[in-house]
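Have a look at the structure below, then the notes.
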Amino acid sequence: MYDIEGYYQGENVGETLRLLEVHPRAKIICGGSDVLIRIREGKLSGCELVGIRHLRELEGVERRENGDIYIGAATSFSHITNDPIIQSCIPVLGEAVDQVGGPQVRNIGTIGGNICNGAVSADSAPTAFSLDAKLRIVSSAGERVSGMEEFYLGPGRVDLKPVELLTHVIVPRENYQGYTGHYIKYSMRDAMDIATLSCCVVCKTSGQLQGNILTDIRITFGVAAPVPLRLRRTEDRLRGQVVNEELFQIMERSVREEINPRDSWRASKAFRLQIGGEIAARAFREAAAKQKEA
């Protein structure tokens, strides 16, 4: 049994926001793959819940006229992976969320819940960071748009007030058009395990007479710092360079200088530093190779 004080379900976003104001201590629940576990563990015993599972306004993927892609916060991982817009425009996101848990979890777990949980091991986070995604957040007072880096405040903490609701993850056209990416998750088991370390690389190249030039790159790690970490120093070091084996080796060394993983029972800091450079270089190779097919 779950120790729940009360459950409330709005018919639409407006009604849901009113419920959040009336019950400011309530937790939002959609798929429940994180919240119900915390209730069962006693960490949220006696809490109130506001459900958003059946709000159609928060479901699905839409590409708007300006090319920006809007992903509803209540869209499941399975839906994202199989959505034709995702597959055509930002397949790296579909590939990343397809590594979350098992099929049952991916069928109920949502991208909004994964991001708002604030877990540094969230599989959607490094890719959303590398795509420079924006978060549309609403309350009864209006709406605001937050960047991913501003949203993550610390382990398990995000910039979402009790009366606010994340409605969409937005990927602007200029942040994905012409780019290709690759996500690598290193974990102790191949399936149904959280990341020991993860990395997403999104890049764009330009073929010129002097070689294949890296015009832009975005590198984000999970579990390499208290929050998902964009490696901006490494990005600056790589931009404008010819894409070749030497550049991959430069990236490896630079990554190990920039990430700051911790020791834990899952892996030591030294081990995470070693595999961090390796998986970043592999992700870069794959993302750059996809440029030839784009």
* Got a donor-acceptor contact below 3.5 angstrom from the D98 side chain to the G94 backbone? -> no
* Donor-acceptor contact below 3.5 Å, side chain E278 vs main chain L273 -> no
* Whether over 12 other heavy atoms sit under 6.0 Å from E245 CD -> yes
* Asked: Where the side chain of K290 meets the backbone of G181, is there a donor-acceptor pair that is under 3.5 Å apart?
  -> yes
* R262 CZ: over 12 foreign heavy atoms closer than 6.0 Å -> no
* Could you tell me whether the side chain of E164 and the main chain of K161 form a donor-acceptor pair under 3.5 Å? => yes
* Asked: Are F129 and F221 near enough that their ring centres are under 6.0 Å apart?
  -> no
* Asked: Does the N114 side chain pair with the main chain of T110, one donor and one acceptor, at a distance under 3.5 Å?
  -> no
* Could you tell me which non-hydrogen atom of R230 sits nearest to which non-hydrogen atom of T220, and how far apart they are? => CD-OG1, 3.0 Å
* Asked: Within the distance-only criterion (no hydrogens, no angle test), does the side chain of E235 pair as donor or acceptor with the backbone N or O of I219 below 3.5 angstrom?
  -> yes
* **Where V201 and A280 come nearest, the two heavy atoms and their spacing** => CG2-O, 3.9 Å
* Structure fact -> In terms of heavy-atom contacts, I259 and L229 come closest through CA-CD2, 4.1 Å
* **Test: R272 cationic atom under 6.0 Å from Y186 six-membered ring centre, within 45° of axis** => no
* Asked: Is the count of non-hydrogen atoms from other residues, nucleotides or ligands lying under 6.0 Å from R282 atom CZ greater than 12?
  -> no
* Main-chain N/O of D132 paired with N175 side-chain donor or acceptor, under 3.5 Å -> yes
* Salt bridge between E65 and R173, side-chain N to carboxylate O under 4.0 Å? -> no
* Where is the tightest heavy-atom contact between K134 and G147, given as atom of each residue plus distance? -> CD-CA, 4.5 Å
* Taking atom CZ of R239 as the centre, does the number of heavy atoms from other residues, nucleotides or ligands within less than 6.0 Å exceed 12? -> yes
* Hey, what's the ring geometry for Y70 with H168, parallel, tilted or perpendicular (30° and 60° as the breaks)? -> perpendicular
* Shortest non-hydrogen separation from Q291 to Y179 and the atoms involved -> NE2-C, 3.7 Å
* Asked: Does the E57 side chain pair with the main chain of V13, one donor and one acceptor, at a distance under 3.5 Å?
  -> yes
* Step by step, work out the side chain to side chain donor-acceptor pair (under 3.5 Å) result for R136 and T167. => CA-CA 6 Å; R136 180 178 180 267; T167 65; 2.8 Å; yes
* Do the side chain of T180 and the main chain of A287 share a donor and acceptor less than 3.5 angstrom apart? -> yes
* To do: Please name the pair of heavy atoms, one in V97 and one in S124, separated by the smallest distance, quoted to 0.1 Å.
  => CG1-CB, 3.9 Å
